[in-house]
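The next block holds one structure in the form of structure tokens; read it before the comments.
Throughout, a chain's letter reflects where its sequence line sits, starting with A, and its residues are numbered from 1. As a basis for the values below, the full set of heavy atoms in this structure was taken, side chains included, without hydrogen atoms, waters or symmetry mates.
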Amino acid sequence: MTNLVYLVPLFPLIGFLINGIGWRKMPKSAGGVIGSLAILASFVVSLGIFFEVKASGTTTVVNLFEFISSGKLVIPFAFQVDALSSLFLLIITGIGFLIHVYSTSYMHHDEGMVKYFAYLNLFVFSMLLLVLGANYLIMFIGWEGVGLCSYLLIGFWFKNRDYTNAAKKAFVMNRIGDLGFLVGMLLILFNYGTLSYQEFFGQLSTGQVAATSSMYNWIAICLFIGAMGKSAQIPLYTWLPDAMAGPTPVSALIHAATMVTAGIYMIARSAALYDLAPVAQNLVAVIGLATALLAATIALYQNDIKKVLAYSTVSQLGFMFLALGVGAYTTGIFHVMTHAFFKALLFLGAGSVIHAMSGEQDIKYMGGLRKKLPITYITFLIGVLAISGFPFTSGFVSKDEILLAVYHHNKAYFWVAAVTAVITAIYMFRLLMLTFMGSFRGTEEQKHHLHESPWQMTMPLIILAILSLVGGFVQLPHLFGGHDFLNEFLAKANVPALVVEDPGMEMREYTLFGGTCLGLIIIFIATRKLFAVDSFKGEYGGFKKVLANKWYIDELYDAIIVRPLNALSSAFDRFVERMGIDGIVNGVGKLVRWGSDRVRLLQTGQVGFYIFVMVIGMTLLFAISFFGFSN
Amino acid sequence: MSVYEILFWFLTVMALSCALGVILSRNPVNSVLFLIATFFAISGHYILMNAQFLAIVNIIVYAGAIMVLFLFVIMLMNLNADTEPQKNRLIQLAGVISGGALFLVVLAALRTSTVNVLEQTSTDIGLIKNLGKTLFTQFVLPFEISSVLFLSAMIGAVVIGKKEEGQTA
Amino acid sequence: MPVQYYLFLSLALFSIGVMGAMMRRNAIIVFMCIELMLNAVNLLLVAFSKMYNDSSAQIMVFFNMVVAAAEVAVGLAVIVMMYRKVHSVDINILNRLKH
């Protein structure tokens, strides 16, 4: 089965080609069926691979063909199948399949549905390349591929100017990060002469190449800059909330469950490198923590249902980086997995709400949807509980693990992270109350239109809800009779877990457990009182306004980066481009034109004159060759 | 002076003066006749250099066939000294000067080259037997290609000379 | 007899041909001057053939004649055609390419 790994990305590629080539002609339903089947086929193969890897625990590198061969540099197009990549295969194809099914219904009214599925298939293909690649270059190909698909899908409704601007923003910000990744890759290539994971990490562990600690740090920081862009961390996070311009299933798949976790995947993959680079590792933790807190505070006062979820995604990504930064790589991956479940669930639930509200995204006009959309309500509630860390849901287990790991690393980090977790619960419950409780605040027409979504949309919701509930059981704390299945599994792929010997462990576990329960009950009551209301203005003053306006970060970037850059460009345009370069280019043109106007007069059309000139030329040539250069 | 030298100088003077006659005579018919005389003088030189075959071919092909063709065309068009277009003096002078310059330049260049005396003993490389052997062994491919050239020239001449539709002489 | 003499003779014939081509406006005379130049070259080739005692140069002369004959056939056809169109053989009329 492992040798058939090329089939996994092949199916989405075929789906993309069929849908992409025939998108003008194909019926909509056919596009959806082909797109979903392609992913289903990948999922089946991935399952097979996963269980094989689980049984054998070996790392297999499948060489497909030689990709680049130049001198000593040989980079094969190879896939690496191990515990880490097979786990990601399952997440990507599994959740991807559910979201494809969901999309067949969600995008049903859209004229570009087949094109949409083509993009979605291409995205899954690129993402699979990213996680399967056996060297950084293949990862980079997938990395760029998912960036492209993200751009295409954010700007899917390209007739809206704001949406295309959001797409451009995402693309440019990702480029900045990609530059860092590229530089990191080149540094590795320059110092170690290879990009293959196995060779590179092998050299790291044996220390064959004497590199200073600062070199490790530089490489690690460069790679982390790439991860910042892709996984929306400070300072490159502002594109992700804007990316909500795309269709909601896209937000669920790309901007919550899979693509944005590519940065975490990359760092977990490079765990061996980060263990040698303490400065970079600390930077990862600090950036992750700061992002988590900042995004959580912003999410408190957002009125757009998707924006709230977007900022919560940024915040949760910050948690994952925090886990990576304190050395708990498996915990980070664990949170990627549980987050994929509940965040996809929340986004799809939001999509279901938006679908019912005929495209309305502002929670000011929602409320009381509980009665009309019971399945959506229950699944959404489960999602909210999971992300808030309600005991024994998947979010509780993974976040709990992160907090404990951070606690052992640094107490200050722990308190900030704990506060962030509380804020997370507050804004999620606020969203839940405003959307589903209280009374309906929209127009009569919308109220009339409200309906539960069809089975293609509710089925994925239910499956994801179940996963969100039980997904944590693969690594339940020992205290509750759990076992570290995931840690053991990932250890086979050389992703180290943080092992802590701590006598006070149980105590802290109980404290967290109790604190979470108590906190959630308080938050539930408080938000119910505050937000389960009949009228909601959604306007804020004072400091709340700063938060509602996202700390004015976009405006800040605009003022200190975008505008000076624009001014500089227009100055260059005016002085260098128009006067300098255009002057030279046009000057050459004018000179040639002027010269040929004169020389043209030689063409008299008189044969005699031509003979005359020819003889003169011949004479001169003879004279030069005989007398000119001889001795 | 041997007979050989007398013949050489005689033929040389004849060739040069007849060549000048070609370009100076106003009547085209006279030009053709002068040119034929030049070709005869050149053929004489060929014989002096033991190239008997070429001498004969030169007379047959050039003087016989080609020049007759020229003569024929000139007669057909009824050209004579009166209809002859003349260039103005300045252009003629320019032509003489530039041609003379070409002559002088090459002359000056070759003036100091080592002297290589042609022997007067007769050789038989110019005989038809030897030439034929070389032509049909070493140069058989160019020979065949030249026949294609002839064919295409013939077809070309016919096509160009054909009256166009609807045109009367 | 030094080969230089032949060299100078053929050079003189060639230059006369060049002068003629420049001085005359009659297309047929220009054509004849070209023939004269070709013959000057032929003469030189025969002289060198004699000097090196090699028959290849004479074969070259033979091919020159072939080319000249083909050229005359086509060239005269062109001149006849031109005469038919404009009733003149003046090369100065042949300046249509300019326009």
Side-chain angles (χ1 to χ4, degrees), chain B residues 5 8 12 15-16 19-20 22-23 28 31-32 35 38-39 42 45-46 49-51 54 57 61 65-66 69-70 73-74 77 79 84-87 92 95-96 98-100 102-103 106-107 110 113 115-118 123 125-126 130-131 134-135 139 142 146 149-150 153-154 156-157 160-161, chain C residues 1-9 11-13 15-26 28-29 31-33 35-36 39 42-43 46-47 49-51 53-56 58-59 61-63 65-74 76-81 83-84 88-90 92:
Chain B
E5 284 177 22
F8 174 83
T12 302
L16 287 175
L20 283 173
V22 171
I23 63 167
S31 288
V32 173
L35 193 58
T38 313
F39 288 161
I42 289 174
H45 276 299
Y46 288 171
M49 289 185 286
N50 292 111
L54 279 183
V57 169
V61 174
I66 295 180
L69 202 57
F70 270 101
V73 169
I74 288 170
M77 293 174 185
L79 299 177
E84 176 71 7
Q86 283 295 327
K87 289 194 173 177
Q92 290 193 346
V96 171
S98 58
L102 180 69
F103 177 72
V106 183
L107 193 70
L110 300 178
S113 58
V115 176
N116 232 321
V117 179
L118 292 183
T123 58
I125 55 158
N130 286 315
L131 279 181
T134 321
L135 194 59
F139 294 98
S146 67
L149 176 71
F150 261 135
M154 195 171 78
I160 292 171
Chain C
M1 199 57 56
V3 77
Q4 267 79 2
Y5 286 15
Y6 281 103
L7 202 66
F8 297 145
L9 170 60
L11 180 60
L13 284 175
S15 299
I16 291 171
V18 168
M19 286 180 206
M22 276 186 286
M23 282 162 61
R24 305 296 294 259
R25 283 165 64 187
N26 188 332
I28 293 176
I29 306 285
F31 214 164
M32 275 158 43
C33 289
E35 294 301 316
L36 189 60
N39 262 277
N42 284 353
L43 178 64
V46 173
S49 162
K50 167 86 175 166
M51 174 176 142
N53 206 17
D54 184 349
S55 58
S56 296
Q58 296 198 14
I59 302 291
V61 173
F62 187 75
F63 284 125
M65 287 179 183
V66 168
V67 171
E71 178 211 338
V72 165
V74 177
L76 283 178
V78 170
I79 290 175
V80 169
M81 203 61 205
Y83 185 76
R84 227 188 258 159
S88 167
V89 287
D90 187 349
N92 279 10

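B:Q92 and C:M23 get closest at one heavy-atom pair: O-CG, 3.7 Å. Closest approach of B:M77 and C:I28 over heavy atoms only: SD-CD1, 4.0 Å. Across all non-hydrogen atoms, the minimal contact from C:N26 to B:P28 is ND2-CG, 3.9 Å. A pairwise comparison of heavy atoms in C:M19 and B:G95 identifies CG-O, 3.9 Å as the closest pair. Listed here is the closest heavy atom pair of C:V46 and B:A51: CG1-CB, 3.8 Å. Between B:A153 and C:V74, the shortest heavy-atom contact is O-CG2, 3.7 Å.
Of the two parts of C:F8, the backbone and the side chain both hold a non-hydrogen atom closer than 4.5 Å to a non-hydrogen atom of chain B. Only the side chain of B:T38 comes within contact range of chain C, with at least one heavy atom under 4.5 Å from a heavy atom of that chain. The contact between C:N53 and chain B is made by backbone and side chain atoms together, counting heavy-atom distances below 4.5 Å. Both the backbone and the side chain of B:F70 come within contact range of chain C, judged by heavy atoms closer than 4.5 Å. Of the atoms belonging to C:I16, heavy atoms from both backbone and side chain fall under 4.5 Å from chain B.
For the set B:V61, B:I74, B:V106, the entry with the most heavy-atom pairs within less than 4.5 Å of chain C is B:V106. Of the residues considered (C:V67, C:V18, C:L36), C:L36 shows the highest number of contacts with chain B, using heavy-atom pairs under 4.5 Å. Chain B forms the most heavy-atom pairs under 4.5 Å with one residue out of C:L13, C:L9, C:N39, C:I59, and that residue is C:N39. When C:L76, C:D54, C:V61, C:I79 are compared by the number of non-hydrogen pairs under 4.5 Å with chain B, C:L76 comes out ahead. Chain B forms the most heavy-atom pairs under 4.5 Å with one residue out of C:M51, C:M65, C:M32, and that residue is C:M32. Of the residues considered (B:L102, B:V57, B:L110), B:L110 shows the highest number of contacts with chain C, using heavy-atom pairs under 4.5 Å. Comparing B:T12, B:I66, B:L54, B:L131 by heavy-atom pairs within less than 4.5 Å of chain C, the highest count is held by B:L54.
Within a 6.0 Å radius of OH in C:Y5, no more than 12 heavy atoms belonging to other residues, nucleotides or ligands are found.
Considering only heavy atoms from C-beta on, C:Q58 stays 4.5 Å or farther from B:N50 through its side chain. Considering only heavy atoms from C-beta on, B:F139 stays 4.5 Å or farther from C:F62 through its side chain.
The distance from the NE2 atom of B:H45 to the CG atom of C:N42 is 13.5 Å, given to the nearest 0.5 Å.
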Exercise for the section: Might you work through the side chain to side chain contact (heavy atoms under 4.5 Å, CB included) test for C:S55 and B:N130, ending with a clear yes or no? Expected result: CA-CA 8 Å; C:S55 58; B:N130 286 315; 5.7 Å; no
